[in-house]
Amino acid sequence: MHDIRAIRENPEAFDAGLARRGLAAQSSDILKIDDARRAAIHAAETALAERNAASKQVGAAKAKGDEAEFERLRALVGAKKTEIAELEDQAKAETHRLNDVLMSLPNLPASDIPDGEDEDDNVEVRRIGSPRNFSFAPKEHYEVTAAAHGLDFETAAKLSGSRFVVLRGAMNRLHRALGQFMLNTHVDENGFTETWTPVLVRDEAMYGSGQLPKFAEDSYRTENGWWLIPTAEVTLVNSVAGEILDEGALPIRLTAHSQCFRSEAGSAGRDTAGMLRQHQFEKVEMVAITTPDQSAAELERMTKCAEGILDALKIPYRTVVLCTGDVGFGMRKTYDIEAWLPGQNSYREISSCSVADDFQARRMNTRYRPEGGKPEFVHTLNGSGLAVGRTLIAVIENNQQEDGSITIPEVLRPYMGGKSTVLPDGSLGD
RNA sequence: GGAGAGGUGCCAGAGUGGUCGAAUGGGGCGGUCUCGAAAACCGUUGAGCCUUCACGGGUUCCCAGGGUUCGAAUCCCUGUCUCUCCGCCA
């Protein structure tokens, strides 16, 4: 949701921002609607003011018991009725028209992100860790013998179809360990408050964080109208919807370990093997609510928090800043963190950390009160910290051994009964 | 699932269809008093939109959306949320 005032004050900058997204200029159309809207509001309010003034006199006449005067004014005020209704309808219609346009346009890209058309134009900002040298051909996660025992796609297909998985034994324990490790790290070391939220939400929440109205086909909806969240960003961000927060309460840092549901419409044929792209997966999500002056620094901080998980797991990764053509609808700037997958011989997205500035805050009407000042919109940020299933893949592929076993990263061993290996038969070993 | 009650300002809590953005109390902020503090007293204390260089003016908002009325926080309808009781249940 854009700020109409900002567009009024600097239409050129607005159009320039859209242009960087590859979109046509909109400001002149928008300002026309804005003018029409303001004229309509003005007309309606003038009529209302007249009515209210006369209406007060009606009350006074009634109180005095002046029946003739009362009847005269009564008729006068009554005559205004249809006129006011019409003018109000018009003002409302123009306001809706304006909001529809402002709601449907994507956020403007931050000034410091690269121009580009698609993911090929993203720019790597750092690369951490070196891919391990294998003395054998590394396999994809579902081919590693130890993992294959615990990744059951056949049963999942029987239950639910494609893009689902049943996890068994050591694989599920590893999956569980990862989620717990991530959540604990963000809570104990990174200052986030752990949160458990519903995964079924109403329309308003999906609008607030920007999934609706444009991306309805990406999410699932229940028959009675709830949406299954595609990410806990929806619930964490919307947890402050409609509020005026104390400046002292900021930044608010929340994290949640949740199920996520995505229809993956439009990705038919992509990543069909293994559990890289699923309709249902787990993610540990980070969200921060900050003042405008802190949000840029918070994005760097949040990205570090996500990277820290991979550092601890000793998984090589690279961090890229998304170009204007790839950054998401509601976001100003995004860092993707891509983990090295030796089985695929490539880096694959495992986290995405973004700052929305006040884009979501406007949709949700979330503000804070600066010291002694008027309420202002907060800035919101969100990031994966990390996608649990994809991290499991990265752990499997990077720690696979020639005999088909998997070495368990040290930081996870406390969660694995102290064991250090998943043996080729799928059991845990010292 | 059944039955009932209710949603008013930062909080508690009044509110007769008519000068109600809303009594009163508490809290917050400012001040008086005090060596300082407490107490007491005085004042102040919501948000959005339109308009204005500004001071200011106008308008909307008493859960949300409709409706009745010359006029709605107050009446009616729908939705929604909360609470109580019964039933069921992880």
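Only this structure's heavy atoms are used, side chains among them; waters, hydrogens and symmetry mates stay out. Predicted model only: the values in this text are computed from it and were never measured. Per chain, numbering begins at 1; letters A, B, ... match sequence-line order.
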Check: A:F359 ring centroid to A:H379 ring centroid under 6.0 Å: no

Where the side chain of [X] is concerned, which of [options] is the nearest nucleotide?
X	options	result
A:K81	B:rU69, B:rU51, B:rG58	B:rU69
A:E45	B:rU80, B:rC49, B:rG71	B:rC49
A:R8	B:rC50, B:rG71, B:rG58	B:rC50
A:N52	B:rC50, B:rG48, B:rU60	B:rU60

For [N] versus [M], give the span between their [atom1] atoms, rounded off to a whole number of Å.
N	M	atom1	result
B:rG71	B:rU19	P	14 Å
B:rU69	B:rC77	C1'	16 Å
B:rU45	B:rA23	P	12 Å
B:rU24	B:rC20	C1'	15 Å
B:rG79	B:rG1	P	14 Å
B:rG26	B:rU44	P	16 Å
B:rA47	B:rC11	P	14 Å
B:rU74	B:rC63	C1'	16 Å

[N]: pairing nucleotide in any strand, Watson-Crick or G-U under 3.5 angstrom:
N	answer
B:rU24	B:rA12
B:rG18	B:rC70
B:rC61	B:rG46
B:rU84	B:rA3
B:rC41	B:rG31

Would you say [X] places a side-chain N or O within less than 4.0 Å of OP1 or OP2 belonging to [N]?
X	N	answer
A:R5	B:rC49	yes
A:K92	B:rC49	no
A:R37	B:rC49	no
A:R202	B:rU80	no
A:R38	B:rC49	no
A:R367	B:rG48	yes

[N] [atom2] sits how many Å from [X] [atom1], rounded?
X	N	atom1	atom2	result
A:I33	B:rC50	CD1	C1'	18 Å
A:R51	B:rA72	CZ	P	6 Å
A:H42	B:rU59	NE2	P	12 Å
A:L87	B:rC50	CG	C1'	14 Å
A:D89	B:rG65	CG	P	14 Å
A:E50	B:rG71	CD	C1'	16 Å
A:N99	B:rC49	CG	C1'	12 Å
A:R74	B:rG71	CZ	C1'	10 Å

Sugar-phosphate only, base, or nothing, as touched by A:N365 at under 4.0 Å among non-hydrogen atoms: nothing

Closest non-hydrogen atom pair, A:M275 against A:H141: N-NE2, 3.0 Å

Taking every non-hydrogen atom, the tightest pair across A:L18 and A:P106: CD2-O, 4.4 Å

A:E410, CD: over 12 other non-hydrogen atoms inside 6.0 angstrom: no

Heavy-atom neighbours of A:E194 CD exceed 12 at 6.0 Å: no

Nearest-0.5 Å distance that lies between atom OG1 in A:T380 and atom CG in A:N382: 7.0 Å

salt_bridge(A:D3, A:R362) N-O dist < 4.0 Å: yes

A:D34 vs A:P375, nearer the 5' end of RNA chain B by closest nucleotide: A:P375

Residue mapping more 5' on RNA chain B - nearest nucleotide basis, A:G78 or A:A49: A:A49

Exam field: side chain A:D425 to backbone A:S427, donor-acceptor pair closer than 3.5 Å: yes

